[in-house]
Enquirer: 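The structure follows.
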2 protein chains.
Amino acid sequence: MELDARKKKILQAIIKNYLETGEPVGSRTISKYTDLNLSSATIRNEMADLEEMGYIFQPHTSAGRIPTDAGYRLYVDDMLSEKQSAKEKEAREAEEQSESGSSEIDRRIDRIEEVLQEMAKMLANNTNYTSVISMPQANKNRLKFVQLTLVEPTKLLTTVVLEGNIVKNEMIQVDKDIDPETLLKLNILFNNELNGKTLREINFDMAANMADSAGELGALVSEIINAIAAAIGSADGIQIFTSGATNIFKYPELSDTTKASGLIGTLEEKELLTGLLADTSGDDEEENTGIQVYIGQETSVSSMEDCAVVTATYEFEKGVYGKVGIIGPKRMDYEKVVDALKNVTGNLDKQFRKPDK
Amino acid sequence: MELDARKKKILQAIIKNYLETGEPVGSRTISKYTDLNLSSATIRNEMADLEEMGYIFQPHTSAGRIPTDAGYRLYVDDMLSEKQSAKEKEAREAEEQSESGSSEIDRRIDRIEEVLQEMAKMLANNTNYTSVISMPQANKNRLKFVQLTLVEPTKLLTTVVLEGNIVKNEMIQVDKDIDPETLLKLNILFNNELNGKTLREINFDMAANMADSAGELGALVSEIINAIAAAIGSADGIQIFTSGATNIFKYPELSDTTKASGLIGTLEEKELLTGLLADTSGDDEEENTGIQVYIGQETSVSSMEDCAVVTATYEFEKGVYGKVGIIGPKRMDYEKVVDALKNVTGNLDKQFRKPDK
DNA sequence: TGTTAGCACTCTATTAATTTGAGTGCTAAC
DNA sequence: GTTAGCACTCAAATTAATAGAGTGCTAACA
């Protein structure tokens with residue numbers, strides 16, 4: 001069967017209406033809602049076709065129609081490609097707004113966590129859905145600077161600064177006292193050897209080599225390397241901020257206790273979200289719009305099979321990306337969500353990249 | 001009216017039964033449940049009295065009775081005072097178990113956040129309620145060590161170590177380059193002047209004084225002091241870990257959507273929890289058992305008016321306390337919860353205080 | 001005087017029966 | 001190809017009927 005223009009128009013009308021009301025939509029509604037000037041009977045015929053094609057279905061005989069995942073997919077893809085073509089026009093018209101109120105957050109750029117948490121909150125409030133933001137993935141990030149400090153005679157503080165000025169600390173308990181000269185030597189050693197290295201590069205034989213060449217300090221050196229690796233690692237482990245979890249209760253189709261509990265549970269756990277926010281740079285869709293949409297099963301998180309997830313990527317430092325996502329019911333206002341996400345990623349890009357400084 | 005022994009026994013039986021079943025309990029049940037050998041009619045009479053006294057009530061005529069907040073209060077107080085007397089006996093019998101498996105967590109004691117988060121998870125899993133743990137309140141904590149490092153020519157990293165080895169970082173953007181000697185001077189200056197000070201002590205005129213005596217570096221010095229204060233402050237802002245929020249769905253009286261949403265919302269916000277976990281050292285009850293119980297309205301968090309909250313205090317460093325709490329329905333298993341809390345605080349005390357090291 | 005059996009009464013919860021109305025599919029006419 | 005009309009279906013809301021748990025009160029009993 002052919003999905004001609006009229007069918008498509010009807011399908012869109014159905015989905016649009018369902019997005020607003022959340023109720024199955026019947027033929028009579030569409031007959032009036034559209035400018036097609038068709039009777040409900042005609043619409044019914046077309047609907048039967050659309051159902052056969054798998055874009056809509058009835059929850060039960062004698063109910064209106066609801067979009068299937070395939071229906072949503074079609075709708076979303078259409079919208080995105082429209083946005084895409086609209087984008088080119090925008091690109092020309094933009095630039096005038098490019099500098100705006102970033103100074104306030106500028107000052108505390110080192111408090112990335114707070115910025116992201118705040119963003120998540122805002123996003124959730126604006127959209128009435130649940131928002132999710134991942135810390136930029138640092139595992140491709142390079143070590144910029146290491147500082148060893150003696151806090152107590154046997155307590156060594158390792159401060160690690162990564163590219164992008166992410167700072168992490170690790171405390172090491174040592175057996176015997178360390179004298180200042182040794183400390184200085186160690187500091188120089190580590191900064192010479194490790195700067196610019198990633199976690200992966202450090203982990204391999206480098207540790208062994210350095211420990212060897214350090215002679216009697218070998219044990220200490222390898223312990224310090226471990227601490228450094230742990231510090232980088234702890235920055236690596238995807239950190240995720242969520243907000244507005246309770247917004248799901250605004251949508252009856254999600255607020256049944258088992259579903260809600262499952263959803264909130266995965267939001268609390270956070271580990272399960274990493275999959276959602278994995279790095280997808282290189283995907284086709286990504287290349288085009290920077291936006292990805294997962295509908296129902298496509299999320300591969302079982303507790304979200306009744307949800308849709310829209311994600312976008314922001315750039316933290318050259319080549320280091322983080323993700324922003326919105327989780328809501330399948331019948332979410334995709335258009336609004338996409339706009340909101342673009343807004344946020346745009347903001348973050350601007351704040352973090354700061355080509356001027 | 002007099003609350004004689006028999007009435008008390010009946011009240012306890014009612015509450016105990018209600019804790020288990022969650023259903024209003026009737027006279028016949030009690031007549032069999034207790035060893036009082038009284039007919040249901042007699043029990044009914046006593047129940048009428050207990051109701052008049054305000055310890056129990058009927059959700060509607062012809063339903064069994066449910067404890068009022070006052071009833072719970074009586075029950076909990078009794079239990080706690082029993083525990084208290086039992087404690088003395090324990091004290092004699094204890095000590096043999098005093099050293100147990102703390103080594104594993106010992107190693108990573110600097111990762112307090114992780115330890116506490118893990119504890120919260122465990123506690124929630126064991127009890128099937130929601131758990132809450134606050135970071136030790138550092139605002140009485142003293143500065144132990146400051147380290148200024150130049151990360152880039154105009155980027156100054158301030159690393160602050162507090163008593164208890166809490167480490168915080170703050171990045172400062174400076175106008176002009178700083179040469180190594182100045183840096184060294186600053187390091188010495190700050191460590192001499194500020195060590196052992198609390199946030200409050202630093203904030204006052206000290207900042208002004210130091211800036212003055214620093215001459216042309218005045219502006220820089222005061223900016224650094226700000227950074228240090230911010231670092232301490234960020235450690236001060238109560239940090240709270242929660243776990244098992246979704247456990248509330250296991251209790252029908254809490255899982256109605258509005259209530260659940262409110263509760264989970266406050267758990268997500270966390271700010272509202274600070275009141276619950278405020279420092280109460282010095283309270284009467286606290287002195288006796290280390291345990292506090294808030295029933296219903298007593299929490300003064302509106303979303304928890306159908307809940308009970310039990311909290312306990314643990315000692316992080318001498319004089320620095322944190323709190324552990326359990327949030328559940330009023331009909332929670334208080335005894336189990338109190339035991340679990342004591343267990344956890346005991347563990348934390350042991351881990352953090354480490355009188356041996 | 002405290003305890004108990006007995007009974008009428010109340011009120012919720014459950015189940016069943018009934019009604020309503022939205023929406024469909026199909027047929028026949030335009 | 002479109003539409004009016006009609007019989008049919010089914011969920012949801014409404015009402016009615018029933019069952020059962022539990023009470024309060026009275027009168028008898030030890």
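Any value given below was found using the heavy atoms of this structure, including those in side chains, with hydrogens, waters and symmetry copies removed. All values reported here derive from a predicted model rather than from experimental measurement. Numbered from 1 within each chain, the chains take letters A, B, ... in sequence-line order.
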Enquirer: For A:Thr29 and B:Asn37, take the nucleotide of DNA chain C holding the closest heavy atom to each; which residue's nucleotide lies nearer the 5' end?
Expert: B:Asn37
Enquirer: Do any side-chain nitrogens or oxygens of A:Thr61 fall under 4.0 Å of OP1 or OP2 in D:dC10?
Expert: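 Checking A:Thr61 against D:dC10: at least one side-chain N or O falls below 4.0 Å of OP1 or OP2.
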Enquirer: Would you mind reading off the distance between A:Gln58 atom CD and D:dC10 atom P, rounded to a whole angstrom?
Expert: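 Going from A:Gln58 (CD) to D:dC10 (P), I get 11 Å.
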Enquirer: Can you find a heavy atom in the side chain of B:Ile14 that is under 4.5 Å from one in the side chain of B:Met47?
Expert: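 The answer is yes, as the side chains (C-beta and beyond) meet within the 4.5 Å cut-off.
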Enquirer: Go nucleotide by nucleotide along DNA chain C from the 5' end; which of A:Pro24 and A:Ala41 gets its closest nucleotide reached first?
Expert: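 Its nearest nucleotide lies further toward 5', so the answer is A:Pro24.
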Enquirer: Just the rounded figure in Å: distance from P of D:dG24 to CG of B:Asp49.
Expert: 10 Å
Enquirer: Give me the one residue out of B:Asn343, B:Leu277, B:Leu123 that meets side chain to side chain contact (heavy atoms under 4.5 Å, CB included) with B:Val324.
Expert: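 Among the candidates, only B:Leu123 passes.
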Enquirer: Over how many whole Å does the gap from B:Leu38 atom CG to C:dA5 atom P extend?
Expert: 11 Å
Enquirer: With a 4.0 Å cutoff (strictly under), does any side-chain N or O of A:Arg65 reach OP1 or OP2 of C:dG23?
Expert: no
Enquirer: Answer yes or no: does a side-chain N or O of B:Ser39 lie under 4.0 Å from OP1 or OP2 of C:dT3?
Expert: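 False: B:Ser39 side-chain N/O out of range (4.0 Å or more) of C:dT3 OP1/OP2.
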Enquirer: Check the pair A:Glu269 / B:Lys121 against salt bridge (charged side-chain N to carboxylate O under 4.0 Å, His left out), numbers first and verdict last.
Expert: CA-CA 10 Å; A:Glu269 280 295 337; B:Lys121 218 180 216 167; 3.7 Å; yes
Enquirer: Calculate the interatomic distance between B:Ile43 atom CD1 and C:dA5 atom P; express it in whole Å.
Expert: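 Rounded to whole Å, this separation is 12 Å.
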Enquirer: Using distance alone, with no hydrogens and no angle criterion, decide if A:Thr258 and A:Ser261 have a side-chain donor and acceptor under 3.5 Å apart.
Expert: no
Enquirer: Under a 3.5 Å cut-off for both contacts, is D:dG1 paired Watson-Crick or G-U wobble with anything, and if yes, with which nucleotide?
Expert: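 With both distances under 3.5 Å, D:dG1 matches C:dC30.
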Enquirer: Check this for me: does the side-chain of B:Arg28 come within 3.5 Å of the base of D:dG20 through a donor and an acceptor?
Expert: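 Checked by distance alone, the answer is no.
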Enquirer: In a check of salt bridge (Lys or Arg N to Asp or Glu O under 4.0 Å) between A:Glu253 and each of A:Lys259, A:Arg331, A:Lys330, which one passes?
Expert: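 Checked A:Lys259, A:Arg331, A:Lys330 against A:Glu253; only one passes salt bridge (Lys or Arg N to Asp or Glu O under 4.0 Å): A:Arg331.
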Enquirer: Between A:Glu46 (CD) and D:dG1 (P), how many Å, whole number?
Expert: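 Rounded to whole Å, this separation is 11 Å.
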Enquirer: Does B:Arg6 have a side-chain nitrogen or oxygen under 4.0 Å from the phosphate oxygens OP1 or OP2 of C:dT3?
Expert: yes
Enquirer: What is the distance, rounded to the nearest whole Å, between atom NE2 of A:His60 and atom C1' of D:dC10?
Expert: 6 Å
Enquirer: Using whole Å, report how far CG of B:Leu50 lies from C1' of D:dG24.
Expert: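 From B:Leu50 CG to D:dG24 C1': 16 Å.
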Enquirer: What's A:Ser40 touching, base or sugar-phosphate or nothing? Going by heavy atoms closer than 4.0 Å.
Expert: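 Result for A:Ser40 = nothing.
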Enquirer: With sugar-phosphate meaning primed atoms plus P, OP1 and OP2, does A:Thr42 contact a base, only sugar-phosphate, or nothing at under 4.0 Å between heavy atoms?
Expert: base
Enquirer: In whole angstrom, what separates A:Ile66's CD1 from C:dG23's P?
Expert: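 Atom-to-atom, A:Ile66 to C:dG23, this comes out as 12 Å.
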